[in-house]
Amino acid sequence: MKCTSLFGAVCALGLAATASLYGQAVNATLLGTVADSSGAVIANAKVTITETSTNSVRSAQTNDSGNFTFPDITPGTYSVAGEAAGFKREIRPRIDVVVNTSTRVDMQLQPGNVNESIEVTDVPPALQTDRADTGRKIETVQTENLPVGTNRNFQNLLNLVPGTTRASFQHSQFFNASSSL
């Protein structure tokens with residue numbers, strides 16, 4: 001976009017503000033592998049995800065390695081279903097997908113009729129091997145009960161991490177009421 005009017009400075013400022021918004025992560029990724037009971041991957045299996053609060057549905061096929069990916073999805077709670085010819089349909093309800101994460105849902109389909117389905121309700125958490133970063137979702141109830149000090153400054157959460165020392169405020173002004181860094 002080119003700014004060629006009297007308001008060029010305002011237009012340039014608007015472009016700079018717009019460019020800074022591109023770095024914000026607002027979506028997530030859901031991925032996994034579909035295999036049979038022996039551990040062999042299933043190519044061309046159909047995987048369907050349903051966002052439980054909006055009932056929006058997306059489908060994909062697994063590749064030759066049995067992997068599927070749903071990039072750029074809205075964070076929320078999803079139901080994931082996998083099916084293939086000659087196997088029972090497997091459903092994983094209540095998969096929590098958090099912003100800027102890659103949530104892995106591996107499925108193991110059992111031999112049987114597609115009309116039959118298995119709902120897996122309790123699965124141990126998978127080891128995250130897709131990304132090197134770590135993170136955690138903090139619920140509202142947790143933040144209300146955490147001792148973050150006066151003015152409920154979110155930066156005081158750093159002081160609650162085990163093994164850390166109190167933050168140094170070398171460049172903070174004495175009139176900075178919330179002791180922000």
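- Taking hydrophobic clusters as Ile, Leu, Val, Met, Phe, Trp and Tyr residues chained together by side-chain heavy-atom distances below 4.5 Å, Leu31 does not share a cluster with Val41.
- Scanning both residues, Ala28 and Val98, for their nearest heavy atoms gives CB-O, 3.2 Å.
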Item to complete: Give the C-alpha distance, both sets of side-chain angles, the deciding distance and a yes or no for salt bridge (charged side-chain N to carboxylate O under 4.0 Å, His left out) between Glu90 and Arg92.
Response: CA-CA 7 Å; Glu90 184 173 318; Arg92 298 278 182 92; 3.0 Å; yes
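- Note: Asp72 CG to Arg58 CZ = 7.0 Å, rounded to the nearest 0.5 Å.
- Counting heavy atoms from C-beta outward, Thr103 and Asp96 have side chains that stay 4.5 Å or more apart.
- By the side chain to side chain contact (heavy atoms under 4.5 Å, CB included) test, Asn63 is found to be paired with Ser65, Asn67, residues two or more places apart in sequence or in another chain being considered.
- For Ser37, the side chain to side chain contact (heavy atoms under 4.5 Å, CB included) partners are Gln110, Pro111, not counting sequence neighbours.
- Rounding to the nearest 0.5 Å places CG of Leu109 at 9.0 Å from CD of Glu83.
- With rounding to the nearest 0.5 angstrom, the OH atom of Tyr78 is 8.0 Å from the CG atom of Leu30.
- A 4.5 Å side-chain heavy-atom check between Thr33 and Arg104 finds at least one atom pair inside the cut-off.
- Residues Ile73 and Met107 fall within the same hydrophobic cluster, defined by Ile, Leu, Val, Met, Phe, Trp and Tyr side chains chained together at heavy-atom separations under 4.5 Å.
- Side chains of Ser53 and Thr77 form no contact here, defined as non-hydrogen atoms less than 4.5 Å apart.
- The side-chain hydrogen bond (donor to acceptor under 3.5 Å, both in side chains) check on Thr48 picks up Ser59, with sequence neighbours excluded.
- Residues passing the side chain to side chain contact (heavy atoms under 4.5 Å, CB included) test with Ala35, sequence neighbours excluded: none.
- Residues passing the side-chain hydrogen bond (donor to acceptor under 3.5 Å, both in side chains) test with Gln108: none are found, sequence neighbours excluded.
- Using a 4.5 Å heavy-atom cutoff, the side chains of Asn27 and Pro75 are in contact.
- Residues passing the side-chain hydrogen bond (donor to acceptor under 3.5 Å, both in side chains) test with Asn55, sequence neighbours excluded: none.
- Inter-residue side-chain proximity for Val47 and Val80 is flagged as met; some heavy-atom pair is nearer than 4.5 Å.
- Going from atom OG1 of Thr62 over to atom NZ of Lys46 covers 12.5 Å, rounded to the nearest 0.5 Å.
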